[in-house]
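Report on the structure given below.
Everything numeric here is computed off the predicted structure, so don't read it as measured data.
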Amino acid sequence: MKLNPQQAPLYGDCVVTVLLAEEDKVEDDVVFYLVFSGSTLHHCTSTRKVSSDTLETIAPGHDCCETVKVLLCASKEGLPVFVVAEEDFHFVQDEAYDAAQFLATSAGNQQALNFTRFLDRSGPPSGDVNSLDEKVALAFRHLKLPAEWNVLGTDQTLHGENVYDLQTYFQFGILLF
């Protein structure tokens, strides 16, 4: 089995293609699953058969940057599930995840929320702004935030200049609610 790509951002949500080796191919009535096994989380995903030697799935979100084992499992009615193949896969932090962390840690800090300067420092975003916006929103959903965290920071209210803080978050269309 060969995975393509061999890595995904921490928030997942990208298509992973599974190329089956000749010895991995089985009958048509078999259902394939991928099990991503990390140090603290395990994910099981269904697959879609594209052709006799190609499967697809959507990478799950993960809790940390690490290399995980991916097991290709097969199931056939009346038989136990069996492991067909295994491969390493990497969950990595990308610019969207970095941007989400920056926004989360800068909540309520008007000086830090000059997002234009942040983008200037980190270089131009790959792809267009809408694509980056979607990725940042996905990454934000996978951040580990304290229960008391909110978009306005800890001692903010919804009056006066604090409304401007919200406008900074939405300057690039980033929806955090």
Side-chain angles (χ1 to χ4, degrees), residues 1-105 122-149 151 172-177:
M1 155 177 89
K2 177 87 170 151
L3 300 174
N4 186 25
Q6 294 179 328
Q7 69 179 28
L10 283 171
Y11 50 87
D13 202 47
C14 66
V15 174
V16 177
T17 302
V18 181
L19 301 173
L20 300 174
E22 194 61 42
E23 64 271 11
D24 298 336
K25 296 178 189 173
V26 292
E27 299 95 42
D28 286 337
D29 59 344
V30 172
V31 177
F32 288 101
Y33 301 91
L34 288 176
V35 177
F36 294 75
S37 294
S39 59
T40 59
L41 283 181
H42 305 282
H43 315 277
C44 183
T45 64
S46 59
T47 64
R48 180 177 74 91
K49 192 175 222 176
V50 176
S51 67
S52 64
D53 65 347
T54 307
L55 308 169
E56 285 184 340
T57 193
I58 302 296
H62 199 59
D63 65 337
C64 63
C65 295
E66 69 176 338
T67 299
V68 300
K69 282 285 181 207
V70 177
L71 303 176
L72 175 63
C73 299
S75 173
K76 186 173 180 177
E77 190 172 331
L79 296 174
V81 173
F82 60 97
V83 176
V84 177
E86 75 175 54
E87 183 72 41
D88 285 341
F89 190 78
H90 311 281
F91 284 98
V92 297
Q93 194 163 325
D94 66 353
E95 68 183 0
Y97 197 85
D98 290 341
Q101 282 186 315
F102 173 79
L103 289 170
T105 58
S122 64
S126 60
D128 65 331
V129 174
N130 289 336
S131 175
L132 179 61
D133 181 49
E134 290 173 15
K135 290 177 182 178
V136 169
L138 276 171
F140 216 94
R141 282 185 280 226
H142 283 84
L143 289 179
K144 292 178 183 174
L145 298 171
E148 67 276 358
W149 185 91
V151 72
F172 290 95
I174 297 169
L175 180 59
L176 305 176
F177 298 103

Any side-chain heavy-atom pair of [X] and [Y] under 4.5 Å:
X      : Y      : answer
His142 : Leu10  : no
Leu55  : Leu34  : no
Val35  : Val70  : no
Pro9   : Lys135 : no

Sequence-distant partners of Leu138, side-chain contact (heavy atoms from CB on, under 4.5 Å), two or more places apart: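 Applying side-chain contact (heavy atoms from CB on, under 4.5 Å) to Leu138 gives Tyr11, Asp13, Arg141.
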By side-chain contact (heavy atoms from CB on, under 4.5 Å), which residues pair with Leu143, not counting sequence neighbours?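 Per chain and number, Leu143 pairs via side-chain contact (heavy atoms from CB on, under 4.5 Å) with Tyr97, Ala100, Gln101, Ala104, Phe140, Leu145.
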For the student: nearest non-hydrogen atoms of [X] and [Y], plus distance:
X     : Y     : answer
Ala59 : Val16 : CB-CG2, 3.8 Å
Ala74 : Val30 : CB-CG1, 3.4 Å
Cys14 : Ala8  : SG-CB, 3.6 Å

Quick one: list whatever passes side chain to side chain donor-acceptor pair (under 3.5 Å) with [X], sequence neighbours left out.
X     : value
Glu56 : Arg48
Thr57 : Thr45
Thr17 : none

Between Phe91 and His62, how do the two ring planes meet: parallel, tilted or perpendicular, split at 30° and 60°?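 Taking His62 first and then Phe91, their aromatic rings lie parallel (interplane angle under 30°).
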Report the distance from atom [atom1] of [X] to atom [atom2] of [Y], rounding to the nearest 0.5 Å.
X      : Y     : atom1 : atom2 : result
Lys49  : Thr54 : NZ    : OG1   : 10.0 Å
Leu72  : Tyr33 : CG    : OH    : 12.0 Å
Lys144 : Asp63 : NZ    : CG    : 4.5 Å
Cys64  : Leu41 : SG    : CG    : 7.5 Å
Ser46  : Phe32 : OG    : CZ    : 13.0 Å

When the side chains of residues 82-89 are checked against the rest of the protein, which donor-acceptor pairs come out under 3.5 Å, sequence neighbours left out?
residue: Asp88; atom: OD1; partner: Lys69; partner atom: NZ; Å: 2.8

Backbone N/O of Gly38 and side chain of Glu66: donor-acceptor pair under 3.5 Å: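 Checking the backbone N and O of Gly38 against the side chain of Glu66, no donor-acceptor pair under 3.5 Å is found.
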